[in-house]
S.K.: 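I have a structure here, written as structure tokens, and I will follow up with some questions on it.
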Amino acid sequence: QVQLVESGGGLVQAGGSLRLSCSASGRLFSSYNMGWFRQAPGKEREFAAAISKSGGSTDYVDSVKGRFIISRDNAKNTVTLQMNSLKPEDTAVYYCAAAQFGLVPKLPALYKYWGQGTQVTVSS
């Protein structure tokens, strides 16, 4: 069992930055690939970024490449999403998730554990 708690969301102007953190409790955090997903009002939840168990591999949705950076600290059981050059279209609830299988999975169905989400709002 893994419990995930996100923090760091908020309101920011376009062009600004936010840093989301996800703290994991439970055993063997390093046994899980970690992902960030986001869901805007009226839209389906979409993949944003993922990082492999060791942190050696990462993947991003095209719309955030070059702006977002995902990282993890297995000693502290945390995964972080640094979001730069934010745009109004980045506005969404951001969720942290953990997956046991795959490398940097993009499909929500592959993730077993989810956090409660944190709101990110980017004003124009």
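Owing to the predicted nature of the structure, the values given are computational and were not obtained by experimental measurement. Reckoned from all heavy atoms, side chains included, excluding hydrogens, waters and symmetry mates.
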S.K.: Do the charged groups of D90 and K87 touch, with an N to O distance under 4.0 Å?
M.R.: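 The answer is no: the pair does not qualify as a salt bridge.
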
S.K.: Looking only at side-chain N and O atoms, does S17 offer a donor or acceptor that is under 3.5 Å from a partner on N84?
M.R.: yes

S.K.: Determine the minimum heavy-atom distance between T80 and S21, stating which atoms define it.
M.R.: OG1-OG, 4.0 Å

S.K.: Give me the atom names and distance for the closest heavy-atom approach of A50 to Y111.
M.R.: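 The pair with the smallest heavy-atom distance is CB-OH, 3.6 Å.
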
S.K.: CZ/R72 to OG1/T58 distance, rounded to the nearest 0.5 angstrom?
M.R.: 12.0 Å

S.K.: Do Y113 and Q1 have side chains that approach each other closer than 4.5 Å (heavy atoms only, starting at C-beta)?
M.R.: yes

S.K.: Output, in order, the C-alpha distance, side-chain angles, deciding distance and verdict of side-chain contact (heavy atoms from CB on, under 4.5 Å) for V93 and T118.
M.R.: CA-CA 5 Å; V93 177; T118 185; 6.0 Å; no

S.K.: Quick one: pull up OG in S123 and CG in L11 and give me the separation to the nearest 0.5 Å.
M.R.: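 Answer for the OG-CG pair, S123 versus L11, is 5.0 Å.
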
S.K.: Determine, using the 4.5 Å side-chain heavy-atom cutoff (strictly less than), whether M83 and V122 are members of one ILVMFWY cluster.
M.R.: yes

S.K.: How far does CD of E6 sit from CD of Q116, to the nearest 0.5 angstrom?
M.R.: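 Here the rounded value is 4.5 Å.
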
S.K.: Taking all non-hydrogen atoms of both residues into account, name the closest pair between N74 and K53 and its distance.
M.R.: ND2-O, 3.0 Å

S.K.: Mind checking whether F47 and Y60 have ring centres under 6.0 Å apart?
M.R.: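 Ring centres of Y60 and F47 not closer than 6.0 Å.
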
S.K.: So, taking the atom named CG in L4 and the one named OG in S25, what distance separates them when rounded to the nearest 0.5 Å?
M.R.: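 The CG atom of L4 sits 7.5 Å away from the OG atom of S25.
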
S.K.: How long is the straight-line distance from CG of D73 back to CZ of F29, given to the nearest 0.5 Å?
M.R.: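 It comes to 8.5 Å.
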
S.K.: Distance check, rounded to the nearest 0.5 Å: I69 atom CD1 versus I51 atom CD1?
M.R.: 11.0 Å

S.K.: Where do V79 and M34 come nearest, in terms of heavy atoms and distance?
M.R.: CG1-CE, 4.0 Å

S.K.: Quick check with a 6.0 Å cut-off and a 45 degree axis cone: is R38 positioned over the face of Y95's six-membered ring?
M.R.: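 Judged by the rule (NZ or CZ under 6.0 Å from the ring centre, within 45° of its axis), R38 is not positioned above Y95.
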
S.K.: Within the distance-only criterion (no hydrogens, no angle test), does the side chain of N33 pair as donor or acceptor with the backbone N or O of F101 below 3.5 angstrom?
M.R.: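 It does hold such a pair.
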
S.K.: F68 and W36: aromatic ring centres closer than 6.0 Å?
M.R.: no

S.K.: For Q3, I'd like to know if atom CD has over 12 heavy atoms of other residues, nucleotides or ligands within 6.0 Å.
M.R.: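 Counting neighbours around CD of Q3, 12 or fewer heavy atoms of other residues, nucleotides or ligands fall under 6.0 Å, so no.
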
S.K.: Grab the two heavy atoms, one from V104 and one from S57, that are nearest each other, plus how far apart they are.
M.R.: CG1-O, 3.5 Å

S.K.: What heavy-atom pair brings A40 and T91 nearest, and what distance separates the two atoms?
M.R.: CB-O, 3.7 Å

S.K.: Can you find a heavy atom in the side chain of V12 that is under 4.5 Å from one in the side chain of T121?
M.R.: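 Answer no - side chains too far apart.
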
